[in-house]
Amino acid sequence: MMIRDGIADGGEGLVRVDAIMGRAADEGWPGRLKGARVDVLRLDQAEAQKSRLRKVTEGGVEVAISLDRGAQLADGDVLAWDEARAAAIVARVDLNEVLVLDLSGLLSRPPEVSIATCVKLGHALGNQHWPAVVKGTRVYAPLAVARAVMASVMKTHAFEGVTYEFVPGACVVPYLTPHEARRLFGAAEGHRHLAEPQSPGALP
């Protein structure tokens, strides 16, 4: 993908992106981007789940993204690169924290106790309308409300054998499938699990 004349300098124009060129931290890109003119396309966690999106960069460049269905944007994705002009457009994704529940402490407890605790935990999460993803002995829930509120709910229930912590969303994404990421980060914005094809800002 080439950056058309004038775009990297904030001029009018449209950059179309149909594939991710690489990641800013991947081998080869740090050297290219060092000293280059890098324009940032800043996205929130819901926007990053969309495979079709139209938005303006911080430098005033309009970008039309049309990726394969199910693809998602990640922090540091290189969307466009002009070798001759040493200019690039890079995505920056602002993800909220994630509540991580560790259920490994239940493994040493009697099965009936562990099952009862899991059912109660599931009921508590559902009652709060918190979307969740289960991976092994861990449960991930997005920061759907204020962190203090989520912590208060967990302290109130005080599930024995279950510990929890809040971690940056960027630390969780590498362990998630695209569907799981959409459930966590897309759902946190108004409980939208999947990007709607005709949602505002999407390409027709």
Side-chain angles (χ1 to χ4, degrees), residues 20 22-27 29-30 42-51 53 67-78 90-196 199:
I20 304 302
R23 298 287 299 278
D26 287 349
E27 184 177 356
W29 282 107
R42 194 163 294 280
L43 306 168
D44 61 32
Q45 59 185 25
E47 291 172 326
Q49 311 312 312
K50 297 181 178 181
S51 57
L53 176 71
L67 305 176
D68 291 338
R69 183 176 179 81
Q72 60 180 347
L73 294 166
D75 187 66
D77 278 347
V78 179
V90 177
R92 289 301 177 193
V93 181
D94 298 318
L95 296 178
N96 288 340
E97 287 185 308
V98 174
L99 171 65
V100 181
L101 303 164
D102 188 350
L103 280 60
S104 59
L106 298 176
L107 296 177
S108 60
R109 296 173 180 267
E112 61 273 18
V113 174
S114 297
I115 292 174
T117 299
C118 289
V119 170
K120 292 177 181 177
L121 174 61
H123 181 269
L125 296 179
N127 192 48
Q128 296 294 326
H129 301 289
W130 294 347
V133 170
V134 180
K135 304 281 284 187
T137 59
R138 293 188 175 184
V139 178
Y140 300 90
L143 204 66
V145 293
R147 176 174 176 169
V149 173
M150 296 185 77
S152 177
V153 170
M154 296 308 301
K155 289 179 181 178
T156 297
H157 288 285
F159 297 105
E160 293 188 11
V162 178
T163 60
Y164 69 91
E165 63 177 334
F166 293 92
V167 302
C171 296
V172 175
V173 169
Y175 304 102
L176 304 176
T177 65
H179 174 74
E180 291 169 339
R182 286 195 297 274
R183 179 166 180 77
L184 281 187
F185 301 114
E189 301 292 333
H191 301 291
R192 286 180 54 188
H193 292 186
L194 293 173
E196 298 293 338
S199 60

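Nothing here was measured: the structure is a model prediction, and the numbers come from that model.
- Residues L67 and I20 have side chains in contact (heavy-atom distance under 4.5 Å, counting atoms from C-beta outward).
- Put simply, CZ on R109 and CD on E160 are 5.5 Å apart, with the number rounded to the nearest 0.5 Å.
- Taking every heavy atom of both residues into account, G105 and S108 meet most closely at O-OG, 3.4 Å.
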Check: So R23 and D77, side chain to side chain contact (heavy atoms under 4.5 Å, CB included) or not? Walk me through it.
Finding: CA-CA 4 Å; R23 298 287 299 278; D77 278 347; 2.6 Å; yes

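- When side chains are defined from C-beta on, L53 counts as touching L43, because their heavy atoms get closer than 4.5 Å.
- Atom CG of N127 is separated from atom NZ of K120 by 14.5 Å, given to the nearest 0.5 angstrom.
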Next item on the list: List the steps and the verdict of side chain to side chain contact (heavy atoms under 4.5 Å, CB included) for V172 and V167.
Entry: CA-CA 8 Å; V172 175; V167 302; 3.5 Å; yes

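- Listed here is the closest heavy atom pair of D26 and G22: OD2-C, 4.3 Å.
- Under the 30°/60° scheme for interplanar angles, the aromatic rings of F159 and H157 are found to lie parallel.
- Side-chain contact between E112 and I115 is absent, with no heavy-atom pair separated by less than 4.5 Å.
- When all heavy atoms of G169 and L95 are compared, the closest pair comes out as C-CD1, 3.8 Å.
- M150 is listed as a side-chain neighbour of L143, based on a closest heavy-atom distance under 4.5 Å.
- Between P142 and P131, the closest heavy-atom pair is CD-O, 3.1 Å.
- Between the side chain of D94 and the backbone N or O of D44, no donor-acceptor pair lies under 3.5 Å.
- The backbone N or O of S152 sits less than 3.5 Å from a side-chain atom of T156, completing a donor-acceptor pair.
- Screening V139, L103, D102, T137 against V162 for a side-chain contact (heavy atoms from CB on, under 4.5 Å) leaves a single residue, L103.
- S51 and A71 get closest at one heavy-atom pair: CB-O, 3.8 Å.
- The shortest non-hydrogen separation linking S114 to L106 is OG-O, 2.6 Å.
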Next item on the list: Check step by step if side chain to side chain contact (heavy atoms under 4.5 Å, CB included) holds for L101 and M154.
Entry: CA-CA 10 Å; L101 303 164; M154 296 308 301; 3.3 Å; yes

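- Atom NZ of K135 and atom OH of Y175 lie 11.0 Å apart (nearest 0.5 Å).
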Margin query: I'd like to know whether V173 forms a side chain to side chain contact (heavy atoms under 4.5 Å, CB included) with V93, so could you lay out the CA-CA distance, the side-chain angles of the two residues, the decisive distance to 0.1 Å, and finally the verdict.
Written below: CA-CA 11 Å; V173 169; V93 181; over 6 Å; no

